[in-house]
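Here's the structure we're looking at; comments come further down.
The chain is numbered in sequence order, starting from 1.
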Amino acid sequence: MTTESTGGSAAARLKTPLTELVGIEHPVVQTGMGWVAGPGLVAATANAGGLGILASATMDLDELEVAIAKTKAKTDKPFGVNIRADLSDAPDRIDMMIRDGVKVASFALAPKKELIAKLKDNGVVVMPSIGAAKHAVKVASWGADAVIVQGGEGGGHTGSVATTLLLPSVLDAVDIPVVAGGGFFDGRGLAAALSYGAAGVAMGTRFLLTQDSSVPDSVKQEYLKRGLQDTVVSLKVDGMPHRVLKTELVEKLEHSGNIRGLYAALVNAAKFKSMTGMKWTTLAKEGLNTRKHKDLTWSQVIMGANTAMYLKAGLVEGNTEAGVLASGQVAGIIEDLPTVQDLMEHIITEAIERIDSLNQYRVTTSA
C-alpha cells in the first residue's frame, strides 16, 4: 500500500493491489446487495472512485442486460456484477458480462474452474466472496484474482467468525489480494484493514444508508434508529445464518415452528415465480443446483424462496411489517445519510490521517 498525491488541491489517495487490479481510485467496494445495489448506487460508487457491484440474483437475463446498460449510461468507470455460481444460466450471464465489458465478476459461491478461466481469458477480474480460509485457497488455486472475505459482523448471509480473526487467517492462506468485509463503515476501518494486509474493504450497510441508495427513506430511518444490539443472526428467514434487523416479523419467525416457515416459503416461491416469469421446472432445477453447491437440506432449499420476497417487501416496498431488513452490525453506529461521493471522500481522508498518525508511535533507537 502507498499513498499518492494527485496534485494541486486534490486530496491524496491510497494505491493498493485492489486499485491496481481493477483500475479504480479508492480501495473501497460496494457489495452486491440484493434489491439495493442497482444501477444508481453502483454508478454513484464508481463515479466516486470505488468499485460498485451490481446485484443480479433477483434478475433474469433480460433484466440484467438492462441493468448493465443503465449503469454504463451513468458511468464510464469500472464496475462489477455479482452472480450466483449455482444458477443454471450462469454461463449465459458470464457471456453477457464479457460482451458488455463488465470489469469485475463477483460470485456469492465459488464458480467452476472453467468459468474462471473464461472470464480471465476475456480480461474480466474474478473476485469471489468467501467465508473461510480453505475456500479462499480453493478459488485461488482455480485462478481467482482476488477474494472478498466477510466476517460475522456483516449483514445478510454470514458466518460466525469475527472479521478480526477471519481476515488474518485468509491473508496467511493466500497470496492474492484480499478485500475485508464485515463491520466496516469509515476510514478508521479501512486503515485497520490495510494494516492487517488487506487490499481494501467491502461495505454493504454503509452504502445502503446513503442518499444514492434506492431504499425508501422510511426504511433508512428504521436502520438509523437502531443500536448495536438490534441485529440478529436468524435461521428462520431462509434456513441459513442470515443477519437482519430485529423487527416484529423477525421475532415472529424466530418463535415459529418449521411448518410455518415451509408454508411461507412455498407462498414466496409462487410469488417469485410470478415476478420472474420462471417455470416451476426451472425453479426446481435451481433448487437442485443450490442444494448441490451449498450442501443444504431440502427444507433449507425450499425456505430459500423466502429470501428474495422478504427482502423485496422490506427494502423495495418499504413494508417493514411484512419484510426483512438485512443488516450488518454497523447499522447500530451509523448516524447519517451522506451522498456516496461525500462518504468516499470522508473515508479516504480519514484513513490517510489515521495511517499517517501511526508514525507518532514509532521510536528510532541508535545501534
Side-chain angles (χ1 to χ4, degrees), residues 31-38 41 55 57-58 84 108 150 152-160 182 204-210 213-276 283 287 290 294 296-334 337:
T31 58
M33 299 166 282
W35 301 117
V36 178
L41 181 58
T58 56
R84 280 178 44 180
Q150 177 178 303
E153 301 94 323
H157 292 122
T158 193
S160 59
T205 306
R206 176 65 276 194
F207 278 105
L208 184 156
L209 294 174
T210 61
S213 161
S214 62
V215 173
D217 288 340
S218 60
V219 176
K220 292 176 184 177
Q221 293 302 319
E222 188 70 24
Y223 278 85
L224 291 180
K225 71 183 184 182
R226 297 311 185 97
L228 285 172
Q229 306 300 319
D230 288 337
T231 65
V232 62
V233 177
S234 175
L235 291 171
K236 291 298 185 72
V237 174
D238 58 12
M240 293 178 286
H242 201 132
R243 185 176 291 281
V244 297
L245 285 185
K246 292 179 181 177
T247 61
E248 186 175 341
L249 172 61
V250 170
E251 291 292 334
K252 289 180 180 178
L253 290 174
E254 283 293 281
H255 294 90
S256 66
N258 292 332
I259 299 300
R260 175 176 176 175
L262 291 174
Y263 174 76
L266 291 171
V267 173
N268 281 324
K271 292 179 180 178
F272 188 72
K273 173 183 177 294
S274 176
M275 179 185 70
T276 61
L283 285 176
T290 300
K294 293 187 177 182
L296 304 178
T297 66
W298 279 114
S299 175
Q300 289 172 316
V301 170
I302 295 172
M303 288 181 70
N306 286 336
T307 304
M309 302 317 299
Y310 276 147
L311 292 177
K312 182 174 186 288
L315 297 173
V316 178
E317 299 167 1
N319 188 346
T320 58
E321 293 183 2
V324 167
L325 305 176
S327 177
Q329 287 183 305
V330 296
I333 205 169
I334 295 173
L337 296 171

Minimum heavy-atom separation for [X] and [Y], please, with both atom names.
X: A313; Y: G323; answer: CB-CA, 3.7 Å
X: M33; Y: A55; answer: O-CB, 3.3 Å
X: L249; Y: E321; answer: CB-O, 3.6 Å

Atom pair [atom1]/[atom2] of [X] and [Y] - distance to nearest 0.5 Å:
X: H157; Y: M240; atom1: NE2; atom2: CE; answer: 4.0 Å
X: L337; Y: L208; atom1: CG; atom2: CG; answer: 9.5 Å
X: T320; Y: Q221; atom1: OG1; atom2: CD; answer: 12.5 Å
X: K225; Y: L245; atom1: NZ; atom2: CG; answer: 10.5 Å
X: K246; Y: S327; atom1: NZ; atom2: OG; answer: 12.0 Å
X: T231; Y: R226; atom1: OG1; atom2: CZ; answer: 9.5 Å

Answer yes or no: is there a side-chain heavy-atom contact under 4.5 Å between [X] and [Y]?
X: Y223; Y: I334; result: no
X: T247; Y: V324; result: no
X: S214; Y: V36; result: no
X: T210; Y: L41; result: yes
X: T58; Y: K312; result: no

Quiz item: Checking side-chain contact (heavy atoms from CB on, under 4.5 Å) for the pair Q150/T158: CA distance, chi angles, key distance, verdict?
Solution: CA-CA 7 Å; Q150 177 178 303; T158 193; 3.2 Å; yes
Exercise. Taking R84 for its side chain and A108 for its backbone only, find out whether a donor-acceptor pair lies under 3.5 Å.
Key: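 Not a single qualifying donor-acceptor pair exists.
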